[in-house]
Amino acid sequence: MICFIGAAVLAWLSFSLYRPLLDARQVYQALQSEYGSSISEASKWQQMLANYPNAVGWLKASDLGIDYPVMQASDNDYYLNHLPDGTQNPVGSVFMDAQNSNDLTDPLTILYGHHVGDGEMFSPLIQYREQDFLQQHPVMYYITAEQVWEIQIFAAHEAGAQADYLWNYSGLQKEEREEWFQELSARADTWLDILTSDDKLMVLVTCASLRTQAPRCIVYGVVKEMTQ
């Protein structure tokens, strides 16, 4: 009887831990069904903004299963544990750093997302630390009502929880950026030599594993405008 009760408790705990992921999955599947395939249409953007006013973009990498709205709040805490509709959920949202301009005019833009397993949210990003994977999946897309950007992935590495050095890029002169690139290539696990000192960058940040206090996996891309 004690063993049966113990098994029942463990099963309940497993479900209670998995339930937030199930709830989040339902919300994101509905968003993808409603907006994902036609998000570049102005009318769809207006409809989405009416329902989700903190949405600033949409990140899409269909070959990885990444297909999510990008949110932005006045701080970097809110969307760690809130879905785009405002529901509290530990799966959270993909979100842009609060310091960034939401029109991708900054020299470097940072997006965050949780590593939750099952290939969802930003979980696939850890595979970019393998050179073969980087070469096979070198492109993502960032979409707004006004523009589609191609994000050309060129590097990935593991880092500590703090990555303040990322912000240095925005204030560097051309010669200093060349040195920044060299330092990045030295620490990177994977690398494609496509950078120039005039490039704008997008950086994607997630946890490197499901462990508490895990280091970060940081993936780097060059932002290129596309014609819709």
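Heavy atoms only: backbone and side chains are in, while hydrogens, waters and symmetry mates are out.
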S.K.: Distance from D199 atom CG to L108 atom CG, nearest 0.5 Å?
M.R.: 11.5 Å

S.K.: To the nearest 0.5 Å, what is the distance between CD (E178) and CD (E175)?
M.R.: 8.0 Å

S.K.: Students often mix this up, so state it plainly: with edges at 30° and 60°, are the rings of Y220 and F154 parallel, tilted or perpendicular?
M.R.: tilted

S.K.: Please give me the minimum heavy-atom distance between V116 and S123, naming the atom from each residue.
M.R.: N-OG, 2.9 Å

S.K.: Within the distance-only criterion (no hydrogens, no angle test), does the side chain of N76 pair as donor or acceptor with the backbone N or O of D97 below 3.5 angstrom?
M.R.: no

S.K.: So, do V223 and I151 sit near enough that their side-chain heavy atoms are less than 4.5 Å apart?
M.R.: yes

S.K.: Any side-chain heavy-atom pair from L80 and F95 closer than 4.5 angstrom?
M.R.: yes

S.K.: Would you confirm whether T206, through its side chain, and H115, through its main-chain N or O, come within 3.5 Å as a donor-acceptor pair?
M.R.: yes

S.K.: Quick one about T196 and D198 (side-chain donor to acceptor, distance below 3.5 Å, no hydrogens or angles considered), yes or no?
M.R.: no

S.K.: Kindly say whether I218 contributes a backbone atom to a donor-acceptor pair with the side chain of H157 at under 3.5 angstrom?
M.R.: no

S.K.: Mind checking whether L201 and L195 have side chains closer than 4.5 Å, heavy atoms only?
M.R.: yes

S.K.: I need the Q99 CD to S74 OG distance, nearest 0.5 Å.
M.R.: 12.5 Å

S.K.: Is it true that a side-chain atom of Y68 and a backbone atom of M121 form a donor plus acceptor pair closer than 3.5 Å?
M.R.: yes

S.K.: To the nearest 0.5 Å, what is the distance between CE on M96 and CG on L59?
M.R.: 10.0 Å

S.K.: Looking at CD of E158 and CZ of R216, how far apart are the two atoms once the value is rounded to the nearest 0.5 Å?
M.R.: 10.5 Å

S.K.: Determine whether the aromatic ring centres of residues W149 and Y141 are separated by less than 6.0 angstrom.
M.R.: no

S.K.: Heavy atoms only: give me the nearest A188-A155 pair and the separation to one decimal.
M.R.: CB-CB, 4.3 Å

S.K.: Ignoring hydrogens and angles, tell me if any N or O in the side chain of Q72 forms a donor-acceptor pair with the backbone of N100 under 3.5 Å.
M.R.: yes

S.K.: With a 3.5 Å distance limit and no angle check, can you tell me whether K224 reaches the backbone of Q152 through a side-chain donor-acceptor pair?
M.R.: no

S.K.: In sequence, state the C-alpha distance, the side-chain angles, and the governing distance for F122 and V205, and then conclude on side chain to side chain contact (heavy atoms under 4.5 Å, CB included).
M.R.: CA-CA 8 Å; F122 270 7; V205 180; over 6 Å; no

S.K.: Say you draw a straight line from CG of N51 to CD of E34; how long is it, rounded to the nearest 0.5 Å?
M.R.: 8.0 Å

S.K.: What are the two closest heavy atoms between S93 and Y28, and how far apart are they?
M.R.: CA-OH, 3.2 Å

S.K.: Between E120 and R25 (side chain of the first, backbone of the second, donor and acceptor by atom type, cut-off under 3.5 Å), is there such a pair?
M.R.: no

S.K.: Is atom CD of Q135 surrounded by more than 12 heavy atoms (other residues, nucleotides or ligands) closer than 6.0 Å?
M.R.: yes

S.K.: Under the rule for ring-ring contact (aromatic ring centres under 6.0 Å, His included), what residues qualify as partners of W45, not counting sequence neighbours?
M.R.: none

S.K.: Using a 4.5 Å cut-off on heavy atoms from C-beta on, say whether the side chain of F133 contacts that of L64.
M.R.: yes

S.K.: Does N54 reach the side chain of Y79, with side-chain heavy atoms less than 4.5 Å apart?
M.R.: yes

S.K.: Quick one: does any side-chain atom of Q131 pair with a main-chain N or O of W191 as donor and acceptor, under 3.5 Å?
M.R.: yes

S.K.: I want to check something: taking the side chain as every heavy atom from C-beta on, are Y128 and H137 in contact at a cut-off of under 4.5 Å?
M.R.: yes

S.K.: Looking at every non-hydrogen atom in both residues, tell me the closest pair between A55 and M48 and how far apart they are.
M.R.: CB-CE, 3.8 Å

S.K.: Within the structure provided, determine whether V27 and T87 are in side-chain contact (heavy-atom separation under 4.5 Å).
M.R.: no

S.K.: Where is the tightest heavy-atom contact between C217 and L125, given as atom of each residue plus distance?
M.R.: SG-O, 3.8 Å

S.K.: Under the rule for side-chain contact (heavy atoms from CB on, under 4.5 Å), what residues qualify as partners of N89, not counting sequence neighbours?
M.R.: P20, D23, A24, L83, V91

S.K.: Looking only at heavy atoms, what is the nearest atom pair of W58 and D67, with distance?
M.R.: NE1-OD1, 2.6 Å

S.K.: For the pair T109 (side chain) and L104 (backbone), establish whether a donor and an acceptor sit closer than 3.5 Å, ignoring hydrogens and angles.
M.R.: no

S.K.: How about E176: does its CD atom have over 12 heavy atoms from other parts shown lying under 6.0 Å from it?
M.R.: yes

S.K.: Run the ring-ring contact (aromatic ring centres under 6.0 Å, His included) test against H82 and tell me which residues pass, sequence neighbours left out.
M.R.: Y78

S.K.: Under 4.5 Å between side-chain heavy atoms, counting indirect links through other Ile/Leu/Val/Met/Phe/Trp/Tyr residues: same cluster for V203 and L134 or not?
M.R.: yes

S.K.: Donor-acceptor check, side chain of T144 to backbone of E146, threshold 3.5 angstrom: yes or no?
M.R.: yes

